[in-house]
Number of protein chains: 6
Amino acid sequence: MILRIDRWQTELPPPSSPDPDGASVVQELLGGKFGEMSTLMNYTFQSFNFRNRQGARPFYDLIANIAAEEYGHIELVSAAINTMLTGAPLEGARPRNSQQFVAGGKSALPQDSMGKPWSGDYVNATGDLVEDMTHNFFLETGARNNKLKVYEMVDHPAARALTGYLLVRGGVHQVAYARAVEKLTGADLMKMVPSPRIPTDKIPECQPHIQRGDHLRLYRFSPEDYKEIVAVFNGPHPETGEDLTVVDHAPEGAPPVDLPPEHDVFAPDYAPEEISAIAEKLRQAAGLPKEPTGVVANNGGGLVGKVKDAVT
Amino acid sequence: MILRIDRWQTELPPPSSPDPDGASVVQELLGGKFGEMSTLMNYTFQSFNFRNRQGARPFYDLIANIAAEEYGHIELVSAAINTMLTGAPLEGARPRNSQQFVAGGKSALPQDSMGKPWSGDYVNATGDLVEDMTHNFFLETGARNNKLKVYEMVDHPAARALTGYLLVRGGVHQVAYARAVEKLTGADLMKMVPSPRIPTDKIPECQPHIQRGDHLRLYRFSPEDYKEIVAVFNGPHPETGEDLTVVDHAPEGAPPVDLPPEHDVFAPDYAPEEISAIAEKLRQAAGLPKEPTGVVANNGGGLVGKVKDAVT
Amino acid sequence: MILRIDRWQTELPPPSSPDPDGASVVQELLGGKFGEMSTLMNYTFQSFNFRNRQGARPFYDLIANIAAEEYGHIELVSAAINTMLTGAPLEGARPRNSQQFVAGGKSALPQDSMGKPWSGDYVNATGDLVEDMTHNFFLETGARNNKLKVYEMVDHPAARALTGYLLVRGGVHQVAYARAVEKLTGADLMKMVPSPRIPTDKIPECQPHIQRGDHLRLYRFSPEDYKEIVAVFNGPHPETGEDLTVVDHAPEGAPPVDLPPEHDVFAPDYAPEEISAIAEKLRQAAGLPKEPTGVVANNGGGLVGKVKDAVT
Amino acid sequence: MILRIDRWQTELPPPSSPDPDGASVVQELLGGKFGEMSTLMNYTFQSFNFRNRQGARPFYDLIANIAAEEYGHIELVSAAINTMLTGAPLEGARPRNSQQFVAGGKSALPQDSMGKPWSGDYVNATGDLVEDMTHNFFLETGARNNKLKVYEMVDHPAARALTGYLLVRGGVHQVAYARAVEKLTGADLMKMVPSPRIPTDKIPECQPHIQRGDHLRLYRFSPEDYKEIVAVFNGPHPETGEDLTVVDHAPEGAPPVDLPPEHDVFAPDYAPEEISAIAEKLRQAAGLPKEPTGVVANNGGGLVGKVKDAVT
Amino acid sequence: MILRIDRWQTELPPPSSPDPDGASVVQELLGGKFGEMSTLMNYTFQSFNFRNRQGARPFYDLIANIAAEEYGHIELVSAAINTMLTGAPLEGARPRNSQQFVAGGKSALPQDSMGKPWSGDYVNATGDLVEDMTHNFFLETGARNNKLKVYEMVDHPAARALTGYLLVRGGVHQVAYARAVEKLTGADLMKMVPSPRIPTDKIPECQPHIQRGDHLRLYRFSPEDYKEIVAVFNGPHPETGEDLTVVDHAPEGAPPVDLPPEHDVFAPDYAPEEISAIAEKLRQAAGLPKEPTGVVANNGGGLVGKVKDAVT
Amino acid sequence: MILRIDRWQTELPPPSSPDPDGASVVQELLGGKFGEMSTLMNYTFQSFNFRNRQGARPFYDLIANIAAEEYGHIELVSAAINTMLTGAPLEGARPRNSQQFVAGGKSALPQDSMGKPWSGDYVNATGDLVEDMTHNFFLETGARNNKLKVYEMVDHPAARALTGYLLVRGGVHQVAYARAVEKLTGADLMKMVPSPRIPTDKIPECQPHIQRGDHLRLYRFSPEDYKEIVAVFNGPHPETGEDLTVVDHAPEGAPPVDLPPEHDVFAPDYAPEEISAIAEKLRQAAGLPKEPTGVVANNGGGLVGKVKDAVT
């Protein structure tokens, strides 16, 4: 089971110019075959289905723990898409992805960049450990390829912040699975990294994360469990030679940006201030503080209390 | 983001007689339109896409928090399916779901009971709060319908323990969303509960959970966040009249059963003891304890150290 | 079984400026999850599968009768799309929906606005009456949401006439199903109407239909059957307080516009006048009148007899 | 638009021994690529999208009118499936199509015999008249092939009555479209009939319909329209040499069998008698007769008033 | 089994101005329901599944041999798409088909023009010879329709060269299957050709192929087999009256254009010259000639030896 | 383009006891994600889309040539399925895959073992050479896994002969792609072979092929091209240490078994002898020999001339 923390794994910029067509391309990183839904669900099902966990504990822990990190990635891609859609005009719109407007409230969908829904068919969880690790290494390679291309295609600040972060973290996972194969078979997959063969540090938006050392760290996303990841994730980084490290907790992350209502798509309502008024009363009746207890990056960014005028 | 805990939300029995065709039917509760992948992903995307969170905090917290619980549900359904497949003969098998063997290692797949992959198309996240709550109430109704039928169709102990638990927890979510609609619109959806109109307490396997009071409790699956769920989840239970309660932490749960290897499907390997030997060495090299650090229900159930003989 | 009437349920304007990208967005109302194919097929299958019809006759009659009306809606959405595509240039076209040209003859397809085919998976017909009515209420809510957004996105006269009409009629169905739930459970779903929470009478194109009283009327689409709809569809309208009424026949409707041939897509032929000549001879041989017996809004709009020059 | 008549186009036998696996095979005739959903929707969309209707009226009338008949066919296939599922035990069931139980209430689904949902992709409506007629001739050929095989595979009385009827009516449509091609191009497609090359009158269950002359008749399913079908549907039948005839109204058909409730799948409810009681009150309040106004084949077959004991 | 020849069936022009949106439309001819993947796979499976080959040899040979030609067609459509994508800027791109960039390296995908993957569902291989021939005749008709429309929509030289060639060859297949039906049933399908009813020789890009006589020829794509195609493919061409002929070998074709690397999409690498250097060494070690042994239309068009400067 | 040879790459046994449910499982090897349609189409599209062929010729040749071999594999899997279905009773059948009967004439379909159609989505052709080779190595690993399981599940002689052969040939491809990665990156993927970790020579049905040396040979499937495969496919076999060899032509193979007609599914006709009679006349008219020119394993196995009695 999981505990959820209402923070993002990294900061994303607040809404600026809307870019709906860019947002439709970023969908590939969410619901595409090589998107974050796929990395999340591949590793999640592999961990659920893992037989003989005690006997193969370091590998089980590795998969289960990376799965946990991926949940934060689908959150981040969704956030970037929602950011890019904020303020996009509905009237007269003919966007690449019309369903971001019509099905969602200017929001992210579990679809790829062509509007094809994510499919359970994208999950490979054979139970054969060598095969699954080989697959995961390949999956991270494909994911890296897609992120690099989306990086080039979409220069919206939210997309760039997103891809910069994901490239660094995906790079860590690629190394982790390569390491797992190495430990299991002796094959030196480190020589295959980076793949595609463009060094990660050439991407400006990766730099802050590299400088912080995030390209070397595997975080442990659990209060007590998955401690044996250290048995696999160790040794030198294939590109820099620095030591790979396990960090014994989740990253600190950042409070989410509270995106403003979009009343033309009824998100969260045609008259969002009415919802706010109801919420205020409910909070009061429940003995909660007058101000919302949630922590967000932009106090007042959303529609709290009487700030309704700002958005309508 | 999330933290992951290596425990199940409830106990499931260890493997007994395999029941692959039963396991293929239980898939409906995992990857079906009304299965747990759908509840998980609907609420997850609704929470990711929620605009004006501060203004509508109690509702955001409700959705985000129930989403967190659902992650534990896909884990449980997968575990039940894997349990039912344990020991199923591969030779000469003509199972309803051949891919549980051929694609997985006698394991759960993100598919429904007809082998159709779960689809992102099953997600409805419109951003319109009243609509999304209406949807979620309906989704829980459909889910309850499916669980009741699978309960009747499959009497394997793992399936019964699973459906007994899920019916109680799904019932709580149905009530929670009904409550949300009520708070937002004044419509008394409590009169629509239970739907289907069979009282939950008629199901024997629901009894232990009801007696523990789990039909009244919404657990808060977060160290610090989602505190405003109390503002929505309160008042009397529609069937029993007892008070609905928020529990300020996750349930204690139970350690997972470590399912034995199935070497005929190479899970985790054709010769699982080799993986165990590698794991042992890696653990040693990393300075970890000699015994695996993971906690499972059945020490020795899996293939640790020299106990290989027990399973082959 | 059905009888078919060669008229539209409401008037639509004749072709004006083509708007293929607009037409591609309107597809969501035809083949989308919440489009008219879905309302038609959900209610149709629910009526086919209805058990104990005599015992629950008023509800059976309600579903079966609304299903009949929905057939007319897929006809109208198709007509609007075809109208918007009339005269669209093929040469050099790079439309959002290329298949409206390549697969169809500038025509409507059973697809959504992203080109995804309508799927039988969109049908929910559980047989559980309370659940199906809950579903239908939700489905009409989702459909209303989609219509409102498409209304904003596409201002072509045919799209606006279409959405204006469908919003009023969908509103009636939303009320009808809410009423059914109310009769079955006592829950006052009327408080959830309208959903999304924008009053229908704010839409100018809804006005003529509201003024005619069409927001209050359920038509009976049958010569002799489905008479018990009056037992469910009654009481005050939730928005206006006026009485809901059953009209004991189908609406009068309007003759369809006969759209001109599009010879560059071979509809109905590369040389449509040859088809007309053949038709003329066949009619004569069969002893039919010299002029076509069909009634259309625009005599001569199509390519009859020698009027070919007008279109080429 | 349509008017709906609450009768079946032909009689089907009442429930006898349940045959769920047979019912799962019959699904191919409903939701398969060559099933009745396909014939219905192909002809329906072809008629909606028909350009230059006046100029090509006899052909438009033919397609539109056959589309109307097909609606009655999806009704009949559904009815046969529902009949075969009536009384099928839920407990312990491992049926070929689990969703007939889990998603439906022992009922028909818009799926094929492998559980794959019907898809809008099965519709071909190019607008090119010769091409569409060629397609329809081929579609009826494929449909005939499928019906002949399902006839052999499933000997349940409902399936046999169904296929016997559909083979005769499908044969008429095959001839009608062959005739249309012939009128348009001069090619004598009559030589291709029957296809597959087994004479229809070899099937015992076709005999009553052939003896009634139904293999020669095209019914006009409209109060006033589609009168020009006579201009295409004429001449000798390719197998028997008898004259093809147009009947100027719909067939008389038969009242539907009111299938009994299945309370284990909650159809229409876990306690169907409660629904009946509600219905009775509603009828009374609306000033309707005490007895249901609907006409069914089996008075009392369903659960009316106090006859509940008969079914439980 | 097959032997592969590294030549194209016809010449295509080298890259000129990129036209990604045009390329996305051409996809319909590759992965659409009526695209070349469909013709290839329909005939291939019909030949694999053919029962009683000796007894029906001329028909088996016809299908098997045309299947072989179709392989060359998917090659050509792919080549045209790749040509149109060559040099297309990645930065800032918002193309109709984003996956041509993100999933492929500016390359062709087994998808249609809306990005929907080609599906095995498009294959009809019933084994009934008359039915399959009827189907194939219809399939070629639909394919011709699509090619004619894509011809109009996309005027890129590669697309025009492609459609000009395919229209002529598809026309031959249409005639071949019509002939097969005629031989089997006596029906004179020649009267249905051409369909759509626009004469092929009106298309300028068809002229060179017609003048060469390719509209009359069926090539035999086999060293030794499929000799009985002459028994079906004979008689006069339905449009010109000239004699149909069998050519006893494959067409000569043309060497493929070696498309240049696209390093921004890593095709074949971020630094393609490194691959070339590796290749050079491998060739040397294997005792192969210094220059690549492959024959291409544009020596030096790709990145050989030191010519890297030309492309970066 | 290709030339087709009417022989199988290996012998398969003639029909014996039918095993339709076994045949439905074997479908996974044809139309599953890791089936032969996938290997064929992945390598085919990778070769079509290959940029800078001259510069990377040895790798291009490798992919293009293996693609050619895979065509023979879809032929063999289809043949095995058709063999297993021969003689299967249609009457009363309730097979796992009903469409093998209803859609096909007891024949193979481009579907997986659950009846899901093969999808173009299974193709990965990124153009990045290292990534594509990594993918192909993984794909062959998954394919080997599936073959090993199907081997265990289905013991029909045709299935065993098939899987025995495919395991050996797939093993060669796995080695070839591992070698390609090694040549490109230096990573020693040979250590990952075999994967799954069961030695191929433990499978009795692999023995004849291993003894013939087929586990070491890459055949060149082209009259003149793809000569540079020797530059990649060389060195010692990872399991046996023997030298890998390139054979400069296609394998000799074996004549296909001519499967008998199945008249209850109209393959090739309800009255197959009529087709034979037509064929005989056509052959004569074309000046062909009296006996069919095709070479099959079982003269008279099919229905030639007057031998019809043998099969009915």
Side-chain angles (χ1 to χ4, degrees), chain E residues 1-6 9 31 48-49 51-58 68 71-72 75 78 82 104-105 107-108 110-111 117-121 123 125-129 221-223 225 227-228 230-231 258-259 261 266-269 272 275-276 279 282-283 286 288 292-294 302-304, chain F residues 1-6 9 31 48-49 51-58 68 71-72 75 78 82 104-105 107 110-111 117-121 123 125-129 183 221-223 225 227-228 230-231 258-259 261 266-269 272 275-276 279 282-283 286 288 292-294 302-304:
Chain E
M1 58 181 147
I2 61 168
L3 302 178
R4 193 166 166 184
I5 300 174
D6 203 15
Q9 285 174 5
F48 289 169
N49 294 347
R51 292 179 172 278
N52 190 22
R53 294 179 188 186
Q54 290 295 67
R57 176 61 60 178
Y71 190 97
E75 186 175 29
S78 299
N82 294 336
S107 69
Q111 297 183 349
W118 186 84
S119 165
D121 216 22
V123 170
T126 69
D128 179 311
L129 191 52
F221 284 86
S222 180
D225 305 307
K227 292 188 174 149
E228 303 200 7
V230 289
D258 187 11
L259 298 175
F266 324 121
D269 197 73
I275 305 273
S276 296
L282 291 176
R283 202 154 41 224
L288 287 164
T293 60
L303 191 95
V304 187
Chain F
M1 59 181 146
I2 61 168
L3 301 179
R4 192 167 167 183
I5 299 175
D6 203 15
Q9 284 174 5
F48 289 168
N49 293 348
R51 291 179 173 277
N52 191 24
R53 295 179 188 186
Q54 289 295 68
R57 176 61 60 179
Y71 190 97
E75 186 175 29
S78 299
N82 294 337
S107 70
Q111 296 183 349
W118 186 84
S119 165
D121 217 20
V123 170
T126 69
D128 179 310
L129 190 52
K183 304 285 193 189
F221 284 86
S222 180
D225 304 308
K227 290 187 175 151
E228 302 199 7
V230 290
D258 187 12
L259 298 174
F266 323 122
D269 197 73
I275 304 274
S276 296
L282 291 177
R283 202 155 38 224
L288 287 164
T293 59
L303 192 93
V304 187

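First the proteins, then the strands, lettered A, B, ... as listed; each starts at 1. Just so we're clear, the structure is a prediction, and the values are computed from it rather than from any experiment.
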Does any backbone or side-chain atom of [X] lie under 4.5 Å from a heavy atom of chain F? Answer side chain, backbone, both or neither.
X	answer
E:Ala125	backbone
E:Asn49	both
E:Ile5	both

Please state whether the side chain, the backbone, both or neither of [X] comes within less than 4.5 Å of a heavy atom of chain E.
X	value
F:Val123	side chain
F:Leu288	side chain
F:Gln111	neither

May I ask you to decide if F:Thr293's main-chain N or O and E:Glu228's side chain share a donor-acceptor pair within less than 3.5 Å?
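It does hold such a pair.
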Taking F:Asn82's backbone N and O only, do any of them form a donor-acceptor pair with F:Ser107's side chain (distance below 3.5 Å, no angle check)?
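No.
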If you count heavy-atom pairs under 4.5 Å between each of [options] and chain F, which one has the most?
options	result
E:Pro110, E:Ala286, E:Pro117	E:Pro110
E:Gly294, E:Gly72, E:Pro223	E:Gly294
E:Asp121, E:Thr126, E:Leu129	E:Thr126

With sequence neighbours left out, write down each residue that passes side chain to side chain donor-acceptor pair (under 3.5 Å) with E:Asp128, or none if nothing qualifies.
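For E:Asp128, no residue satisfies side chain to side chain donor-acceptor pair (under 3.5 Å) once neighbours in sequence are set aside.
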My understanding is that only residues two or more places apart in sequence, or in another chain, count here; which of them pass ring-ring contact (aromatic ring centres under 6.0 Å, His included) with E:Tyr71?
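Listed in chain order: nothing, the list is empty.
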To the nearest 0.5 Å, what is the distance between [atom1] on [X] and [atom2] on [Y]?
X	Y	atom1	atom2	answer
F:Asp225	F:Arg57	CG	CZ	8.0 Å
F:Leu3	E:Ile2	CG	CD1	9.0 Å
E:Asp6	F:Met1	CG	CE	10.0 Å

